[in-house]
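Beneath this line is the structure, given in structure tokens, with notes to follow.
By convention in this document, chain letters (A, B, ...) are assigned in the order of the sequence lines, proteins followed by strands, and residues within each chain are numbered from 1. For clarity, every value in this text was computed on a predicted model and none was experimentally measured.
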Amino acid sequence: MPPTSDRTPNRRVLAIWCARLSIDRWRQAETSGGEEPDTPLALIIETAHGPRITATTRAAEAAGVRTGTMLADARAICPALEVRPADPAGDLAFLERLAVWAQRWGPWSALDPPDGVIVDITGAAHLFGGEQRLLDDAARVSRARGLSVRLAIAPTAGAAWALAHFGAVRAGTGGLVLAEGEDIEASLAQLPIAALRLDDDVLLVLRRLGLKRLGDLDGIGRDALSRRFRNRRSAMANPLMRRDQMIGLVPEPMLPVVETPPAMVQLRLMEPIRHLPLLETVLSDLAAAMMRKLEGRGEGARRLELACWRVDGEVVIRTLELAASTRDAAHVCRLFAERIATIDAGLGIEMARLVTRWAEPLQLAQADLDASAQVHGTSLAACVDRLTSRLGAQAVRRPVAHASHVPERAQRWQAPLAPLPAGQESFAFHARPLKLLDRAEMIAVLYATPDGLPQRFRWRDKVHDVMRAEGPERIAPEWWREKGSARLRDYYRIEDREGRRFWIYRLGLIGDGRGNAPDWYMQGLFA
Amino acid sequence: MAQGQGWNPAIAFRGAGEIFAPADEGAGAALALELARAAPRPLHEHALKEVKDERAFLWVQDASAIRAGGRPFLPGLPRDLAHRLIHVTARTAEDALFALEEGVRCRDLAFVIGEIAGNPRALDFTASRRLVLAAERHRVPLWLVRVDARRDLGAARMRWDVRSAASQPSRWNPQAPGLPGWRGELFRARGLRPGAWWIRPEPAHADGGGDGEAILSARPVDRDAADQRSHAQSARAGDLVRAAVDRSLAAG
């Protein structure tokens, strides 16, 4: 919703509430759009405490099954209850499509999860012959789609939502209209307090305070309410903010649904092809067409999907993911080359389609004409792509600093082209080795107990005499992360007779009460 | 090749070099980093010097090299390189060679460092020649550390054999290891006379955060002293780093 700082009388909003969305979708999927069965049935979702009911048919509701109860409790009331798994993700995906579809009544729509859609119909109602006719039309086409909806039109999203959910619809009309110029507060005063779209615990508080209808809030001073809910910042938990949004005193930002179909190119082939060189040609044509398409949209591809339809009805799909968005057709073809080599063409491929499943903005750049003649070689992104496509994504990484004193935790690995996280510089006076062993190796050390400098040690069956040593640098265990029995480490930088420089540590102290005599470990190699 | 304290064993080096080093010390990787840093690859052919090189560099290790010598450790890397590292873990030597070749073909990389353990069959003369030619053609320097390997046939333009040498005494704590030093033997080089050298990074840069180019100093190893090299002698040798080099590296 575009922000409206004050009452904007000319804004009109349509709220569509799919009151029985899950059941409607289930009915269309399983009974191919027929009527609801007479047997009680419920949709359930698995929770930590067992299955819980998320939606019920009318028959089940009549039998006393309520949404939100545990299945075991509902079975006690209605032993004949049938259950099906619910599909919340599918419901949300359906709602997204519905939001795009609902733009037939207005230019702009937003999701109102879990089961509603908000459409801005400002200035569009006359196209349908007035708002009442628009509602009738919306109710009719929704019924034709097999959805039971409740509709309302009001000057704000909050008011429209409240009317759609709680307004009493007169028979024969599509829904309720709160006419322009009417006082929103007064017309909605009789609606229950739940029409404010609040969290359950806030509703409970209000109900305990004896506030049951929206009009009841008027009897109370604003100060009292704001004091009672002063620690509730979010709109869902603050009745005052919700009421202001409903009246239109406070803007209510909403995220518009914008449909962007993925870029797609396809080729139907005159003759089914069976050989790899032909498929490569087809692929390079597709890639070139795709890159032109992406160029027009100002985007570059991050994930591409190549689908090949075979004559015998199979579809072979190969996907490709890139380290950075690209519009380089040759590069894409080269990376695909390894993947399409394993395609079994069967009796032949009759159609090929390339879809950009994930695109990122990529600006047009003017090619540097002088430089391109001189500089050859691949770009870094292309190099990373080729390395990851052969060695795997886990093989190519870059180290990033991590806030930890323990050396092996002080660096983490991330994708090579991902942005570096902000971090603190490490201390320059701490000498750290150039290389760290993957796993510290136990060594046998001769030293003056309890905590003298190491004199001589044996590592990998070689004896080293320590000529120079510096330490200890004590690194305590991270008590907020490790068990209480973790021992501290005393690190020593040492140099042996040959000049080799090592980083070794002693795990624990004698008599620290956390185990036997301390062990020594080799952890790093200095330059 | 210039004489004097600014002597740089890697000056104008564009191709691929090999460094033979034992697995249980950091000398090989450290020298590779310093050599690569000492001969920066220009950002553009005619670029201004002031532009700081922020290109990434590739560090490829095969599995046995990782097992023997560990992985690069971010806090221990030189300051100006730490944030530019891209590390590649290759399961086999073949994969490592593939990664190295992809690396030297990439124009956005400052340089490439590889670590391959032993003498795998995949790394024969042909493979090494392929790498050298690719590195020279695309002008991306490559330093390949041959961990625990015997000297086999190789096409690299410079081949070093390097060990750790006693460090310079630390200024603040004479008992502590100080600035690192290495003993490098250049046993094959094009246009240079082979010889053995004490190599160490110049102090001004090694403790100053390492911004800008690295400067290596090298001092020829006296042949007699090389045989009976001891801790005391090499410590004394550390004092002489700034002394004039008494023999030019250039052949003839």
Pairs of donor and acceptor atoms involving the side chains of residues 520-527 of chain A, under 3.5 Å and at least two apart or interchain, shall be tabulated with distances.
unit_1, atom_1, unit_2, atom_2, d
A:Gln523, OE1, A:Tyr491, OH, 2.5
A:Gln523, NE2, A:Glu408, OE1, 2.8

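- Ion pairing between a basic and an acidic side chain is recognised when a charged N comes within 4.0 Å of a carboxylate O; B:Asp108 and B:Arg55 show no such pairing.
- For a residue to count as touching a neighbouring chain, one of its non-hydrogen atoms must lie under 4.5 Å from one of that chain's; by this rule A:Tyr492 does not touch chain B.
- In summary, B:Arg37 and B:Glu34 engage in a salt bridge, as defined by a charged side-chain N under 4.0 Å from a carboxylate O.
- When every heavy atom of A:Ala381 is checked against every heavy atom of A:Ala324, the shortest pair comes out as CB-CB, 3.7 Å.
- Side-chain atoms of A:Glu478 and A:His405 form no donor-acceptor pair, as typed in the model, at a separation below 3.5 Å.
- Listed here is the closest heavy atom pair of A:Met467 and A:Arg497: CG-CA, 3.4 Å.
- Heavy-atom neighbours of chain A within the stretch residues 109-116 of chain B, taken at a separation under 4.5 angstrom, comprise B:Leu109, B:Glu115.
- Contacts of A:Ala401 with chain B are made by both backbone and side-chain atoms, with heavy-atom separations under 4.5 Å.
- Proximity to chain B involves both the backbone and the side chain of A:Leu391, based on heavy atoms less than 4.5 angstrom apart.
- Only the side chain of A:Arg460 has a heavy atom closer than 4.5 Å to any heavy atom of chain B.
- Atom-to-atom distance recorded for A:Arg397:CZ and B:Ile86:CD1 is 13.0 Å, nearest 0.5 angstrom.
- Salt-bridge annotation for A:Arg432 and A:Glu473: present, with a side-chain N of the basic residue lying under 4.0 Å from a carboxylate O of the acidic one.
- Of the listed residues (B:Val60, B:Val88, B:Leu58), the greatest number of heavy-atom pairs within a distance under 4.5 Å of chain A belongs to B:Val88.
- The contact between A:Ile494 and chain B is made entirely by backbone atoms, counting heavy-atom distances below 4.5 Å.
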